[in-house]
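Scroll down for the structure; my scribbles are underneath it.
Order of appearance sets the numbers: ligands from 1, and atoms from 1 within every ligand. For clarity, every value in this text was computed on a predicted model and none was experimentally measured.
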Amino acid sequence: MSAPEQWSARQVMETYHQSVQTTYGRTPLVFVRGRGARLWDADGKEYLDWVSGGRAGNALGHCHPDVVAALKTQLDTLTFVSNDFYHPWGARLGQLLAEQTGGRKAFFCNSGAETTETALKLARKWGYNRRGAACHEIITFDRSFHGRTFGALSATGQTKFHKGFEPMVPGFHYLPWGDLDALEAAVGPQTCGVFLEPVQGEAGTYPAEPAFMQGIERICREKEILFMVDEVQTGFGRTGRFWAYEHYGVEPDVVTLAKALGGGLAIGACLAKPDCCALVPGDHGCTFGGNPLATAAGCAAIEALDRHALIANAAAQGEYLLGKFREWQARWPVISDVRGLGLMLAIEFSGAQGKTALATCLDQGLIIHGVGDSILRILPPVILTRAEADEGLRLLEAAIAGAVA
Ligand SMILES: Cc1ncc(COP(=O)(O)O)c(C=O)c1O
């Protein structure tokens with residue numbers, strides 16, 4: 001039998017269907033190679049990747065040379081020791097993240113959902129220590145997305161994801177997005193924290209209004225509860241600042257980060273202010289969390305952001321793309337909204353034109369995401385050049401022109 005990388009696209013897809021559970025509605029594309037903002041499929045066709053590998057997973061682009069170099073060294077040095085021990089790369093990544101967050105301390109895990117679980121457990125333990133077991137409720141928001149494990153799913157304010165899996169973990173209270181009066185009314189002695197995405201990503205890219213974010217912080221301070229933000233998708237420079245919360249002038253107690261942190265490898269971190277670190281030995285753990293390979297990749301990825309000024313690039317390219325989207329909105333009334341922060345953008349149509357445009361983009365070699373039939377999500381890697389921005393704009397503009405004709 002030939003090596004899998006020599007299999008035809010059809011053979012790969014058929015083998016998936018035979019041997020892998022159908023938990024994803026996969027696009028029928030088989031990718032075999034990536035470099036920077038480009039992917040190549042099994043037939044050699046080239047694509048411009050405006051989703052960072054998908055779901056904003058790899059903000060540095062494919063096979064970033066700095067991350068690859070660090071990984072090659074690390075593979076020959078040490079890939080795994082458990083959290084029964086120390087190693088230098090975990091120490092250094094903790095330090096680098098502390099520098100990015102004004103001294104917040106990390107708990108390392110492997111995914112976004114695990115960072116959510118960590119934040120939820122930390123908040124419950126913090127509430128328990130301060131006000132007893134009754135103080136365990138966590139407030140989240142309608143349309144939010146925090147992951148697929150039971151705690152994270154229960155925190156997620158979208159009933160469509162709960163269906164068939166009830167009962168959810170108790171102790172979550174969902175509020176309307178943007179409604180500070182509802183928040184004031186909902187917080188009580190039972191509340192230990194509020195958890196939100198600064199830009200709701202999976203739902204269709206909805207940035208919080210500054211007054212909402214700042215109001216949440218004020219209420220959390222007044223009521224002495226934890227202010228927690230899910231930066232799994234928004235963190236690591238995507239919005240044109242290292243953290244999206246920096247756009248709002250707030251200082252959350254707890255911040256979660258995953259996806260881009262590993263430069264293409266699985267890693268997550270839940271960061272908390274030192275006086276909020278309620279989890280103690282025995283409370284929580286993760287065998288592969290913060291392993292030498294993933295943390296070495298994380299160190300290289302953070303240093304690459306800085307060395308190549310990629311956060312400023314994300315801000316500049318994001319502003320450029322949004323400016324063009326606004327021009328399209330003025331030209332085509334069927335575009336009902338364009339929105340976003342940095343390189344986390346969306347175009348919304350009044351009907352199903354999004355679905356048609358998405359199909360044309362894929363056919364023409366531009367990868368973007370859709371939410372329902374009417375929203376296009378655009379999440380290019382932060383290494384995007386102006387030439388790659390223009391190339392994608394040409395393809396997207398032509399696809400939209402065809403879809404609205
Ligand atoms: C804001 C947010 N939180 C959590 C998650 C879950 O991350 P993961 O898929 O790595 O578990 C996601 C994934 O899309 C996300 O966007």
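The contact set between ligand 1 and Gly147, taken as ligand atoms under 4.0 Å from a residue heavy atom, comprises 4 (C), 6 (C). In summary, the atoms of ligand 1 found under 4.0 Å from a heavy atom of Asp230, numbered by their order in the structure, are 1 (C), 2 (C), 3 (N), 4 (C). Here is the list of ligand 1 atoms found below 4.0 Å of a heavy atom in Gly112: 6 (C), 7 (O), 8 (P), 10 (O), 11 (O). In the vicinity of Glu202, heavy-atom distances shorter than 4.0 Å reach the ligand 1 atoms 14 (O), 16 (O).
To the nearest 0.5 Å, the span separating OG1 on Thr156 from CZ on Phe161 amounts to 7.5 Å. In this structure, CG on Leu261 lies 11.5 Å from CG on Asn58, to the nearest 0.5 angstrom.
Looking at ligand 1, you'll find an N or O of Lys259 within less than 3.5 Å of one of its N or O atoms.
Of all the heavy atoms of Arg55, none lies under 4.0 Å from any atom of ligand 1, so neither backbone nor side chain is involved. Contact annotation: for Glu197 versus ligand 1, heavy atoms closer than 4.0 Å belong to the side chain alone. With a 4.0 Å cut-off on non-hydrogen atoms, Glu114 does not touch ligand 1 at all. Of all the heavy atoms of Ala113, the ones lying under 4.0 Å from any atom of ligand 1 are found in both the backbone and the side chain.
No hydrogens or angles considered: a donor-acceptor pair under 3.5 Å links the side chains of Arg238 and Ser52.
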### Query
Going through the distances and angles, do Val338 and Leu345 end up as a side chain to side chain contact (heavy atoms under 4.5 Å, CB included)?
CA-CA 8 Å; Val338 297; Leu345 299 162; over 6 Å; no

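Between Trp177 and Phe212, the angle of the ring planes goes over 60°, which puts this pair in the perpendicular group of the 30/60° scheme. Between Phe325 and Trp328, the two ring planes are tilted [angle within 30° to 60°].
Of the protein's non-hydrogen atoms, Gln233 NE2, 2.8 Å is the one closest to atom 16 (O) of ligand 1.
In this structure, atom 9 (O) of ligand 1 has no protein heavy-atom contact shorter than 4.0 Å.
Ligand 1 has no atom lying under 4.0 Å from any heavy atom of Gln200. Heavy atoms of His146 approach ligand 1 to within less than 4.0 angstrom.
The two residues Gly204 and Arg339 have their closest heavy-atom pair at O-NH2, 3.0 Å.
Enclosure of atom NZ in Lys355 is not indicated, since only 12 or fewer non-hydrogen atoms of other residues, nucleotides or ligands lie within 6.0 angstrom.
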